[in-house]
Amino acid sequence: MDSRDRAGMSDRYEHAEIEARWQSVWDERKAFATNGDKTGEKYYVLEMFPYPSGKIHMGHVRNYSIGDVLSRFFMMRGKNVLHPMGWDSFGLPAENAAIQNGTHPARWTYDNIANMKIQLRRMGLSYDWSREVATCTPEYYRWSQWLFLKLYEKGLAYKKRSSVNWCPGCSTVLANEQVEDGQCWRCSSIVEMKELDQWFFRITAYAEELLSSTYDLPGWPEKVLVMQRNWIGRSTGAEVDFSVEGSDEKISIFTTRPDTLYGVTFLSLAAEHPLLEKITAVEKKVEVEAFVTKLRKEAKDAKAATDDLVKEGVFTGAYCTNPLTLERVPVYVANFVLMGYGTGAVMAVPAHDQRDFEFAKAYALPLRIVINPPGITLDPSQMDCAYLDDGVMTGSGSFDGLTNTEAKEGITDLLEKRGTGKRSINYRLRDWGISRQRYWGCPIPVIYCSGCGTVPVPLDSLPVVLPENVTLTGKGLSPLESAPDFVNTACPVCSGPARRETDTMDTFVDSSWYFLRYLSPASTTEPFDKESASYWMPVDQYIGGVEHAVMHLLYARFFTKALRDLGLHSCDEPFRNLLTQGMVCKEIVKCPEHGFLYPEEAKDGLCVHCSKPVQTGSVEKMSKSKKNVIDPDRIIKEYGADTTRLFSLFAAPPEKDLDWSDDGVEGSYRFIGRVWRLVAENMEMLSGASPYSASTGESLAGVLKDLRYMTHKTIDRVTQDIEKRFHFNTAISAIMQLVNAIYQARPSLTPDQPEAAKVLREAVEAVVLLLAPFAPHLSEELWMRLGSHVPVYETAWPRADLEALIQDSVVIMIQINGKLRSKLTVPADASEDMVRSMVELDEKTLEWTKGKTMKKFVYVPGKIVNMVVA
RNA sequence: GCCCGAGUGGCGGAAUUGGUAGACGCACGGGACUUAAAAUCCCGAGUGGGAAACCACGUGCCGGUUCGACCCCGGCCUCGGGCACCA
C-alpha cells in the first residue's frame, strides 16, 4: 500500500526495518570503537553501568539516551569520544534467583547480560562494545582482589570485630551507607546489630579530602555535594578529659561547644562505653547492668525507632572532676549517647543543649546558665527549652562578659595550656564495611593460618576463583563455608593447612573502579593502564540516578584517591561533571479492595474485579509492585528506538522527573514521520541541489532569507542547548520549530527562484544532522537518501553562519508605564534618537501619551522601549 | 527539627544576562483532502468582558527594590527530596 513518489521514497517511515539495518551497519563497521589514539581533545562519557536484572527498564532508557546524545554530539564535534558499557554483575538477586529456580547464579547472570545486550543494541546506542566488562568474570574480579591487597598493604583494608548492621532478609552485613531509615536499602528488612569480625576499608582516612574536594567540583549538582558533606559530617570542637574521682581513669568527651564547659552539671556515657563497668559504684551495678541489657535488647528489636525516643538513664554512682571548675560532676549512662560517634561520652550542659535539658528535667538535675542572650538574663526556673544561640558569657570565671564565640577559643586555649583538653575534629563518616556473607560476589583474597595468622593471597596467585559447586540456602553463614575444596588450602607462607576467607566483597567495591578498567579492559598484567588513565581520566560526564549520592559516588571518589596514593594513576576525582537524571514516573491506579491495578484492570474509572471506583491522579516512580511500569521493549517494537529516545528526552529536562505519557510518545512518533515526509515529499527538489553556501550564493531576500535565518538560528540554539545546558527538551523543540518553518516556507519555494532549492537543502540537511544525536537511525537513513556516502556519525556537526543571523530590521516592544502597548519595526542598526523619533510618530503610542508629559524614556537596543508618562 | 530543591494554561514544559509570560508538544475545537474513516496538511485557543478593534486580570501568598520582576530582596504557605538524639 506504499504510495511512492518519483524518487522512490515511501511516505511512511518503516522504523523496524530501517533501525535494524543501521544497527547492523554500525556493528559491522565498529562505528563507535575508540581507537588507541591518545591525541586530540578527549571526551569520556559514562552512564552508570546496570545490574543485569534481566530486562532494561525506562530508567535505563532515559539514562542511556542522555549519554548517547552527548556521545554522538561530541563525536560529530570532532572530539575523541570514549563511551563504554558493562555490567555490575555480582549481587544478591542472582543468588535469590538461584535459590528459587535452581539455576546457577552465573548462568542466570550471563543469560540476563545476553538478553539485555540485545535490548541495548535495539536502542541504537553508540557504545564501544570492545571494551565491555562484567564484574563477575575472573578477568575483572582478579583485579578487584589485586586492589584489595594493595589497599591491605597500605593499611587501608583491615579486619576488626565490631558491631555491624545485619540484614536478616539478605542474611548479610551491610555498610552504613546501605542502611536507610534503619532498613536494608535493597529489601527493606529492619536491620539488626551484630557483633562480627569484618573487613573494612579505611575511608575515614580520606574524610578530610573527600569533604574538601566537594568544594572543587563545580560540575556536580549542589544537592549531591550537600548530601556527601552531610554524610561525612565534619564537626570541629574540643576533646576534654574529666578525671574520675577515686581512680586513675579519665573520661574523654568530645564537644563542639567548649564555651559551655562552665555549665556542665553531669556527664553521660553510652551503654557500650569501655569505662562504664569499671567506674560503676558497687551499689549501682545491678541497676546499671539491667539498664544496659534493656537498651541492648531494644536496639536489636527495632533500630528504626529512633524518633522522639524518651531520654532515659541511670546514675552510675561515679563522679568526675570538671577540669576548669574542679567541681564534682555525677556520671550517668544514657540511652541517647552513641558509642559510634566521638568518644561515646558527652558532657551535659542542660541549659544549652536540648537533649541534656530533657534528661535533666526527667531526673531533676540542675541547670546552669553560662550564656545569656544579648541584653537578657535567663532564669533557669522559667526555661522550657535549652538556649542554643550565641550570647554573652556568664558564670564562667574570667570569661564572663566575652561573647561565647570568643570564649570558645579562650576556653580551648586554656584547656590546651593545662593539658586537660585539645582541639579536635570529628567525622560522622565510618569506615566502609565490605564483608558480605554471600556467595555471588568477589572472594576476599585472604587466608587464615593457625601459625602465620592472616595471610594475604600472593598477587601472582590471583584470582581466587569463586567455586561453582556451592549449596545456596539463603540462610546461615557464608555459602562458601559449604565448599571444602575452596575453604581448605595451604598457607602461602608456611605451606601448612589453612582456611580461606569465606566472605565476599560488597558489590560496591566492584563498581568503585570500573571506569578505570574500561581504559584497558583486556590487560592481563594490571588493573588498568596508567598511560591510558592519564589521557582519559577523569570521566568528563557521568550520568546516573541520584540514589547513589552517598553510596557508589562516595566509594568511587574514595577509590580514586586511594589508588592515586598507591601510585596507580594521578587523578584526584573520578567524575568531572555529574548529571543526576530524574525518575521515570507514571500514574498509578488503585482499587480500595484490590490494591494497585494495571491500567487495563480499570474500565470507566471502575475496578473490573469489583466495580468499585478506582483512585487515579497520583504519579509515582515506575515499579512492578505499583503496576505502573512500561516495558521499553514494547514501545521500541511499536514505535521504534528513535521515538522512544526522543520522547524520553523531550518530555522533561534530564534532571527532573519524567511523567510517562502514551499520548506524548505518539507525538514524538508523529514528529519522526513529519521529518521523514519533509524529505520524501521534497526529494525531487532536494536531490538536484547542493546546500546554499553564502560565499558562492547570491544574496537572499524575503522567504529565503527568513528560512536561512531560521536554519542558522536553530543550529546555534541546538548546539548551545546540548553543549552548555543539557536542555535536550528545548533542543528538540527548536528542531521542531525549524521543521515547522520549512513546511511553512515550502509553498513559496518555487523552482523559478534560483536559490530556493539550495536554501531548502541547507535547511533540511540541518534538520537531519541536528537530529542525529536524538534519532540516529532516522538521521542516517535520510542522510543516505539525500545522497551522502559518509555516515552521519562521521559527519561534522553543522556550524551556524553568523552572517545569516544578521537581520535588517528588528521588532521592538513599546511599553508605556511598564505595560505593553505597541510594537514597532525598526532598522537593526537604528540609533536611540532614531528609534525615539519613530516611537513618537507611532499612532498607538500617541493615543496613550496624548496630553501627558514624558518623565523618562528607556531604550534597550533591539528589544524594548519603556516610556514613563504622567 | 535541620539542610537542599520546586511551585507558570486542562497536562508535560518554555522564557539563556531583569526586557513580548505561556515557545515546543499533548489533549481540545474548527477547516481541507476522503464515499467515509484513519493518516496527513492548515487554522484557533491563558482567564474574564466584547461582534470586533481592544480592555482588564494573570507565573503559590503578602510586601519591597526597579522605568520594567516568573527572574532580585524580606516574610509566609504548599509539595518533593535528603539528614535526623552526631554531642
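Here the structure is a predicted model, which is why all the values come from computation and not from measurement. The sequence lines fix the lettering, A, B, ..., with proteins before strands; numbering per chain opens at 1.
- Checked against ring pair (Phe, Tyr, Trp, His ring centres under 6.0 Å), A:Trp185 has the following partners two or more places apart in sequence or in another chain: A:Phe508.
- The aromatic rings of A:Phe728 and A:Phe774 sit perpendicular to each other, their planes meeting at more than 60°, with 30° as the lower class boundary.
- A salt bridge links A:Glu312 to A:Lys294: at least one charged side-chain nitrogen sits closer than 4.0 Å to a carboxylate oxygen.
- Here B:rU17 presents its P atom at 17 Å from CD1 of A:Ile864, a figure rounded to the nearest Å.
- For the atom pair CG of A:Asp662 and OH of A:Tyr639, the computed distance is 6.5 Å after rounding to the nearest 0.5 Å.
- Within the structure, a side-chain polar atom (N or O) of A:Arg674 is placed less than 4.0 Å from OP1 or OP2 of B:rC41.
- For the OP1/OP2 pair of B:rA56 and a distance below 4.0 Å, the side-chain nitrogens and oxygens of A:Arg821 include at least one atom meeting the criterion.
- Between A:Asn426 and B:rA87, a side-chain N or O to OP1/OP2 separation shorter than 4.0 Å is absent.
- In this structure B:rG60 sits in the anti conformation; its chi angle is more than 90° from 0.
- At the phosphate of B:rA87, OP1 or OP2 sits under 4.0 Å from a side-chain N or O atom of A:Ser235.
- Taking 4.0 angstrom as the limit, A:Arg428 places none of its side-chain polar atoms (N or O) nearer than this to OP1 or OP2 of B:rC83.
- RNA chain B contains the following stems of three or more consecutive Watson-Crick or G-U pairs, with both distances under 3.5 Å: B:1-7 with B:77-83, B:10-12 with B:24-26, B:28-32 with B:40-44, B:46-49 with B:54-57, B:60-64 with B:72-76.
- For the pair A:Asn740 and B:rC42, the criterion of a side-chain N or O lying under 4.0 Å from OP1 or OP2 is not met.
- Residue A:Met813 is classed as a base contact, given a heavy-atom separation below 4.0 Å to a base.
- At B:rA84, none of the side-chain N or O atoms of A:Gln354 fall inside 4.0 Å of OP1 or OP2 (strictly under the cut-off).
- For A:Arg670, a side-chain nitrogen or oxygen approaches OP1 or OP2 of B:rA27 to under 4.0 Å.
- OP1 or OP2 of B:rC67 has at least one side-chain nitrogen or oxygen of A:Lys856 nearer than 4.0 Å.
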